[in-house]
Amino acid sequence: MHMSYCSILRESPAIRLGIILTAVVSAGAGEMLAATGDFDEIKAGFGRLHTIAGRALIDSNGGNDWDETYEGGRAVDAELSEAHNAQADVFGNVYIADKDSHSIRVVRPDGRIWRLAGTNVAGNGDDQPQPGRSCPLASPNGLHVQPDGVCYVFDTGNRKVRRVALDGTITTVFHDPTAATLGRGLWVHPSGSPIYYSSGAEVREWKSGSGSRVFAGGFSGGLANLTVSPSGALVVTDRNAHSVYRVNPDGSRVRIAGNGLASGGGDGQLATDTGFEEVRGIAFHSGGGYFLATHRGSDLWYVDPQGKAHSFITGVRNSNPLAGEGSLASEPGNKLSEIRAISLSPGGDLIITQSDESNIRVVENTVAVATGDLAIGPDQEVGNFALTWRSEADGSFIEGSDALAAIAWTPLLDSAKPVGGGNFTWHLSSPANSGQGYFRVRPAHRWKLP
């Protein structure tokens, strides 16, 4: 992958800066994919399917199958316990809500798995800051990971949303005693507020300073995952209604996918005429459309910007959770089993959480790393200096060093978190960034076949 460097030359904090005027920016897949969202082009941007966590030998279905001997070992040798969601940060860490072992786990880029939060035993940890590994959780099945690795957890059994900081400290953001324990969806604004979460037949909203409220109601009672589209619209999957809804700011909703039935329509038909059997997972793609995953149907679909549904990967519920391992995702054949959630990593990989046997699978992104201009504000004083570049797919981050030949670079993400589009601005004035003399932009980690 390309690395780009920007050197900042300075003699003292008061001196204006001389700057190398151009640089190559390595970015994620989004900048290279067709804005039209054409399905053939989208499909061509994905490669092979492979498992990164979960050996998938035991049908947990309500049981805790975690064994302490798995800790620190290869993630593909560990038994997960009805995992419900998996999401990645820019560094290639994949976080897993391992519901029935009452823990949040993380798979590092070296393929080893570790416990991030929870104690492997159900409980209700205190709300004050503490090490995440010391805080008991109860059936956590909602997850939202920010690009820098800050992890929000829907501790569903305790009706709490908790935040795990980069140093592993966990805090309780809020407790909603009226929330249903059937919630799964969780989305957190990069600033930490607002937070949207699924609660039975309701979508609820929490805001700092005003607390929780019902944002939208009247759903089937089987709300699954939710997210916010690149245009800022809240979108929720209603599993029991076989429907996907856009929720308006006034709480009203519009069905954007699903016909309310388990069948009908199909490949190439309008998404609103198509039956998505127990639709559960949703992930927006930078090409303009979005992916949908069905629980009982066990299929992965793509809905293009024109509202047409396209079959991407098919599956059969309660089938082999390792089917199609190592094959091209676009090749015919059933490969999936009982999908619980999907997400797109910052590097463009498609992450699939599936089946009671519980494994996490990745369809690797194969689109070439993009290049572009790095816009740098010239001749600005140190305190105001900023770097700005396009990061339309949350696909890049910046590192700093005091020497160009440094072995260890420091990620600089404390004040510059890429947020789903627009520009990514990094400020030299941040205390964490002082003392750095050289900077490079790196693309987000991408998973590769073993």
When you look at Asp100 and Ser81, which way does the side-chain hydrogen bond (donor to acceptor under 3.5 Å, both in side chains) test go after all the steps?
CA-CA 5 Å; Asp100 284 351; Ser81 303; over 6 Å; no
Would you say the side-chain atoms of [X] and [Y] include a donor-acceptor pair closer than 3.5 Å?
| X | Y | value |
| --- | --- | --- |
| Arg184 | Asn225 | no |
| Thr156 | Asn141 | yes |
| Ser298 | Arg317 | no |
| His310 | Asp304 | yes |
| Thr314 | Asp299 | no |
| Glu325 | Thr51 | yes |
| Asp267 | Ser311 | no |
| Ser191 | Ser193 | no |

Please confirm whether the backbone N or O of [Y] pairs with a side-chain atom of [X], one donor and one acceptor, at under 3.5 Å?
| X | Y | result |
| --- | --- | --- |
| Gln354 | Pro321 | yes |
| Ser199 | Glu202 | no |
| Thr237 | Val244 | no |
| Thr274 | Leu270 | yes |
| Ser101 | Val121 | no |
| Glu79 | Ile58 | yes |
| Ser358 | Ala83 | yes |
| Ser337 | Ser319 | yes |
| Asp89 | Phe91 | yes |
| Asn365 | Gly347 | yes |

Any side-chain heavy-atom pair from [X] and [Y] closer than 4.5 angstrom?
| X | Y | result |
| --- | --- | --- |
| Val188 | Trp206 | no |
| Ile104 | Leu137 | yes |
| Arg108 | Trp114 | yes |
| Val164 | Leu116 | yes |
| Gln130 | Ile170 | yes |
| Glu364 | Leu49 | no |

Could I get the full list of side chain to side chain donor-acceptor pair (under 3.5 Å) partners for Asp40, not counting sequence neighbours?
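Result, side chain to side chain donor-acceptor pair (under 3.5 Å) vs Asp40: none returned.
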Spatial distance of atom [atom1] ([X]) from atom [atom2] ([Y]) [nearest 0.5 Å]:
| X | Y | atom1 | atom2 | value |
| --- | --- | --- | --- | --- |
| Ser286 | Ile42 | OG | CD1 | 7.0 Å |
| Asn259 | Leu261 | CG | CG | 4.5 Å |
| His144 | Cys151 | NE2 | SG | 9.5 Å |
| Phe39 | His285 | CZ | NE2 | 11.0 Å |
| Asn85 | Thr353 | CG | OG1 | 5.5 Å |

Would you sort out whether Phe276 and Trp301 count as a ring pair (Phe, Tyr, Trp, His ring centres under 6.0 Å), showing the intermediate values?
CA-CA 9 Å; Phe276 297 107; Trp301 296 79; 5.2 Å; yes
Ion pair present between [X] and [Y], side-chain N to carboxylate O less than 4.0 angstrom?
| X | Y | result |
| --- | --- | --- |
| Arg159 | Asp176 | no |
| Glu82 | Arg340 | yes |
| Asp155 | Arg162 | yes |
| Arg213 | Glu205 | yes |
| Arg55 | Glu357 | no |

Does NZ belonging to Lys160 count more than 12 external heavy atoms closer than 6.0 Å?
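Above 12, so yes.
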With sequence neighbours excluded, tell me which residues meet ring-ring contact (aromatic ring centres under 6.0 Å, His included) with [X].
| X | answer |
| --- | --- |
| Tyr95 | none |
| Tyr70 | Trp66 |
| Tyr290 | Phe284 |

Stepwise side-chain hydrogen bond (donor to acceptor under 3.5 Å, both in side chains) check, Arg48 with Thr366:
CA-CA 9 Å; Arg48 299 184 182 275; Thr366 61; over 6 Å; no
Walk me through whether Phe291 and Tyr302 qualify under ring pair (Phe, Tyr, Trp, His ring centres under 6.0 Å).
CA-CA 4 Å; Phe291 290 101; Tyr302 175 75; 5.3 Å; yes
With a 6.0 Å cut-off on ring centres, are Phe215 and Tyr197 close enough?
no
List in chain and number order the residues that pass side-chain contact (heavy atoms from CB on, under 4.5 Å) with Arg133, two or more places apart in sequence or in another chain; answer none if no residue qualifies.
Glu71, Arg115
Residue pairs involving residues 269-290 (criterion salt bridge (charged side-chain N to carboxylate O under 4.0 Å, His left out); sequence neighbours excluded):
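Found Arg239-Glu278, Glu278-Arg296.
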Looking at Gly287 and Pro305, what are the two nearest heavy atoms and their distance?
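Smallest heavy-atom distance, with atoms named: O-CG, 4.2 Å.
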Which is it for Thr171 and Arg163 under the side-chain hydrogen bond (donor to acceptor under 3.5 Å, both in side chains) test, yes or no, and what are the steps along the way?
CA-CA 5 Å; Thr171 55; Arg163 179 183 185 272; 5.3 Å; no
Under the criterion side chain to side chain contact (heavy atoms under 4.5 Å, CB included), I'd like the reasoning laid out for Leu143 against Phe154: C-alpha separation, chi angles, the key distance, then a yes or no.
CA-CA 6 Å; Leu143 190 68; Phe154 194 175; over 6 Å; no
